[in-house]
Q: 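Dumping the structure here so I can ask a few things about it.
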There are 2 protein chains.
Amino acid sequence: MRRFRGEAEYKVDTKGRVSIPAAFRRILEEGDPDWSSGLNPNLVIVYGRRNRKCLEGYSIGSIEIVDNLVSNLPRYSKEREILERLLNSQSLYIQLDENGRIILPSKLRKLVDIQTKAIFVGMGEKFQIWNPDNYISDMNLIEKKSF
Amino acid sequence: MRRFRGEAEYKVDTKGRVSIPAAFRRILEEGDPDWSSGLNPNLVIVYGRRNRKCLEGYSIGSIEIVDNLVSNLPRYSKEREILERLLNSQSLYIQLDENGRIILPSKLRKLVDIQTKAIFVGMGEKFQIWNPDNYISDMNLIEKKSF
DNA sequence: TTGATTTCCATGATTTCCCATGATATAACT
DNA sequence: AGTTATATCATGGGAAATCATGGAAATCAA
């Protein structure tokens with residue numbers, strides 16, 4: 001399966017509408033078993049990650065893989081309970097609109113402090129959505145830490 | 001697997017189109033699991049901002065080797081997320097067109113200061129794309145320093 | 001009934017696609 | 001070897017499709 005790659009910044013309007021990077025749309029389409037040419041693909045947004053000032057987007061296909069992995073963790077283990085909570089309760093389905101946009105509900109925008117701009121960041125099997133300023137800070141942190 | 005070897009300079013037009021050296025095309029074709037005769041191979045361009053004034057091209061096969069290393073780390077671990085960020089956020093897929101060209105997005109051209117000419121440099125498992133002037137300077141630097 | 005949300009349409013900018021051409025090759029044939 | 005076919009290469013231009021974004025009308029909810 002193709003991976004989410006690259007960074008792209010987009011405007012967020014007052015209604016919370018944002019374009020999804022065109023390259024990401026293709027991956028969401030491929031990854032959505034219900035999708036076919038002419039339709040608009042679905043995705044899943046996970047919003048509850050502690051210590052992370054960002055949202056995460058998954059194609060239907062890749063969220064199912066993650067779901068299954070979690071289902072195979074030992075029942076009642078700490079790890080499984082945390083991940084199940086995150087993936088099931090702190091997430092929602094969203095469908096792209098005709099123009100390749102989604103609407104970020106204001107609850108989510110507040111959560112990660114997104115107002116007029118959002119940057120989309122490829123992370124392989126998923127992508128992240130950040131306030132561009134926060135993203136830059138996070139990148140600087142990462143680049144300092146590693147190697 | 002065959003390695004990228006040699007140097008070749010090409011024009012970049014106003015749309016950002018550049019020919020890929022014919023010899024490199026053969027290697028990209030071999031390295032793309034989805035490729036078969038008649039199709040156009042894909043590659044991955046990495047543009048990381050670490051001091052390098054050049055872009056780097058990888059065949060799908062060789063980038064997947066790296067991807068898989070990361071995929072074996074525990075999901076949601078700090079380590080994995082940092083590596084995924086560094087690998088995936090600063091790169092993109094590109095497909096050759098019918099004539100063996102790619103389109104370098106203007107963002108990338110600006111990043112490495114490529115306007116009307118680009119030189120392709122074989123580096124074994126990957127190749128680099130430079131503004132020819134910068135490449136010459138870099139070469140001189142290397143020659144002075146080493147041996 | 002007044003915000004908020006959704007649907008539909010509009011548009012300039014960019015990107016992609018399709019075709020064209022001269023330049024090198026590579027092969028084939030006397 | 002010299003001449004002629006045949007492919008591939010490097011480059012360009014214009015048409016068509018897609019993209020990113022904004023706004024108006026229609027629908028919904030309290």
Side-chain angles (χ1 to χ4, degrees), chain A residues 2 4-30 35-43 45 57 92-110 114-122 127 129 132, chain B residues 4-30 35-43 45 57 92-111 114-122 127 129 132:
Chain A
R2 254 162 185 291
F4 294 102
R5 293 188 183 278
E7 302 162 317
E9 188 176 313
Y10 293 94
K11 291 190 178 171
V12 180
D13 71 18
T14 47
K15 302 174 188 172
R17 293 184 299 186
V18 226
S19 284
I20 299 280
F24 289 9
R25 290 177 211 164
R26 301 292 93 78
I27 298 171
L28 294 174
E29 291 167 353
E30 276 181 40
W35 179 83
S36 69
S37 176
L39 299 183
N40 306 325
N42 290 92
L43 70 152
I45 300 257
L92 70 158
Y93 287 105
I94 297 190
Q95 186 171 33
L96 296 222
D97 74 13
E98 220 53 55
N99 309 305
R101 287 182 289 197
I102 58 172
I103 297 179
L104 289 179
S106 74
K107 174 184 167 191
L108 300 200
R109 275 177 279 153
K110 280 189 194 119
I114 285 177
Q115 284 130 20
T116 64
K117 289 188 283 184
I119 189 165
F120 289 74
V121 184
F127 63 87
I129 311 176
Chain B
F4 296 103
R5 292 184 187 281
E7 301 166 338
E9 187 176 316
Y10 293 93
K11 289 191 179 172
V12 180
D13 71 18
T14 48
K15 299 176 184 172
R17 294 183 297 189
V18 226
S19 284
I20 298 280
F24 289 9
R25 290 178 210 165
R26 302 292 93 79
I27 299 171
L28 294 174
E29 289 168 355
E30 277 179 38
W35 179 83
S36 69
S37 176
L39 299 183
N40 306 325
N42 290 91
L43 69 151
I45 300 262
L92 69 156
Y93 289 105
I94 297 193
Q95 186 170 33
L96 295 223
D97 72 13
E98 220 52 56
N99 310 305
R101 288 181 289 195
I102 57 171
I103 299 178
L104 290 179
S106 73
K107 175 184 165 190
L108 299 200
R109 276 177 278 152
K110 277 186 197 127
L111 211 56
I114 285 177
Q115 284 129 20
T116 64
K117 288 187 285 184
I119 188 166
F120 289 74
V121 184
F127 62 87
I129 312 175

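All of these numbers come straight from a predicted model, not from anything done at the bench. We name chains A, B, ... by the order of the sequence lines, and we start the count at 1 in each one.
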Q: If you define the side chain from C-beta out and look only at heavy atoms, does anything of S19(B) sit under 4.5 Å from R25(B)?
A: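 With C-beta onward as the side chain, the pair touches.
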
Q: Taking side-chain hydrogen bond (donor to acceptor under 3.5 Å, both in side chains) as the definition, give me every residue that meets it alongside E7(B), ordered by chain and number, with sequence neighbours left out.
A: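 Testing E7(B) for side-chain hydrogen bond (donor to acceptor under 3.5 Å, both in side chains), a comparison that skips the adjacent residues, returns Y135(B).
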
Q: Can you list the residues that meet the side-chain hydrogen bond (donor to acceptor under 3.5 Å, both in side chains) rule with E30(A), with sequence neighbours excluded?
A: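 Not a single residue meets the side-chain hydrogen bond (donor to acceptor under 3.5 Å, both in side chains) criterion with E30(A).
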
Q: Whole angstroms only, please: what is the CG-P distance between N40(A) and dT6(C)?
A: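 Value for this atom pair: 15 Å.
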
Q: Just how far, in rounded Å, is P of dT16(C) from CG of N42(B)?
A: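 One finds 13 Å between P of dT16(C) and CG of N42(B), rounded.
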
Q: Would you indicate which nucleotide in dT21(D), dT16(C), dT6(C) comes nearest to any side-chain atom of I103(B)?
A: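 Selected nucleotide: dT16(C).
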
Q: If the helix axis at each end comes from five base pairs, how far does the helix from dT1(C)-dA30(D) to dT30(C)-dA1(D) deviate from straight, to 10°?
A: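 The value is 40°.
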
Q: Side chain of E29(B), backbone of W35(B): donor and acceptor closer than 3.5 Å?
A: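 No.
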
Q: Tell me which of S106(A) and R17(B) sits closer to the 5' end of DNA chain C, going by the nucleotide each one is nearest to.
A: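 Its nucleotide being nearer the 5' end, the pick is S106(A).
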
Q: In whole angstroms, how far is the C1' atom of dT15(C) from the CG atom of L108(B)?
A: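 Rounded to the whole Å, the gap is 14 Å.
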
Q: Would you kindly give the CD1-to-C1' distance between I102(B) and dC17(C), to the nearest whole Å?
A: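 In whole Å, dC17(C) C1' and I102(B) CD1 are 17 Å from each other.
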
Q: Take atom CG of D13(B) and atom P of dC17(C), then tell me their distance rounded to the nearest Å.
A: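 Between P of dC17(C) and CG of D13(B): 15 Å.
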
Q: Quick one: does I102(A)'s side chain get under 4.5 Å of L96(A)'s, heavy atoms only?
A: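 I102(A) reaches L96(A) side chain to side chain.
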
Q: Provide a list of protein-nucleic acid N or O atom pairs under 3.5 angstrom, restricted to nucleotides 15-20 of chain D.
A:
residue : atom : partner : partner atom : Å
dC19(D) : OP1  : R26(A)  : NH1          : 2.8
dA20(D) : OP1  : Y10(A)  : OH           : 2.7
dA20(D) : OP2  : R25(A)  : NH2          : 2.3

Q: Quick one: R109(B) CZ to dT15(C) C1', roughly how many Å, whole number?
A: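 Nearest whole value for this atom pair: 11 Å.
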
Q: Which residues pass the side-chain hydrogen bond (donor to acceptor under 3.5 Å, both in side chains) test with D97(B), not counting sequence neighbours?
A: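 D97(B) satisfies side-chain hydrogen bond (donor to acceptor under 3.5 Å, both in side chains) with R101(B) only.
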
Q: If we only count heavy atoms from C-beta on, is the F120(A) to V18(A) side-chain gap below 4.5 Å?
A: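 Yes. Closest side-chain heavy atoms under 4.5 Å.
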
Q: Taking everything shown except K107(B) itself, do over 12 heavy atoms lie less than 6.0 Å from its NZ?
A: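 Count over threshold, so yes.
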
Q: Can you name the residues that form a side-chain hydrogen bond (donor to acceptor under 3.5 Å, both in side chains) with Q115(A), not counting sequence neighbours?
A: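 Per chain and number, Q115(A) pairs via side-chain hydrogen bond (donor to acceptor under 3.5 Å, both in side chains) with D113(A).
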
Q: When the distance from CG of D97(B) to P of dA20(C) is rounded to whole Å, what number comes out?
A: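 Result: 16 Å.
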
Q: P105(B) or R101(A): which one's nearest nucleotide on DNA chain C is closer to the 5' end?
A: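 The residue whose closest nucleotide sits nearer the 5' end is R101(A).
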
Q: dT8(D) C1' sits how many Å from F24(B) CZ, rounded?
A: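 Rounding to the nearest Å, CZ of F24(B) and C1' of dT8(D) are 18 Å apart.
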
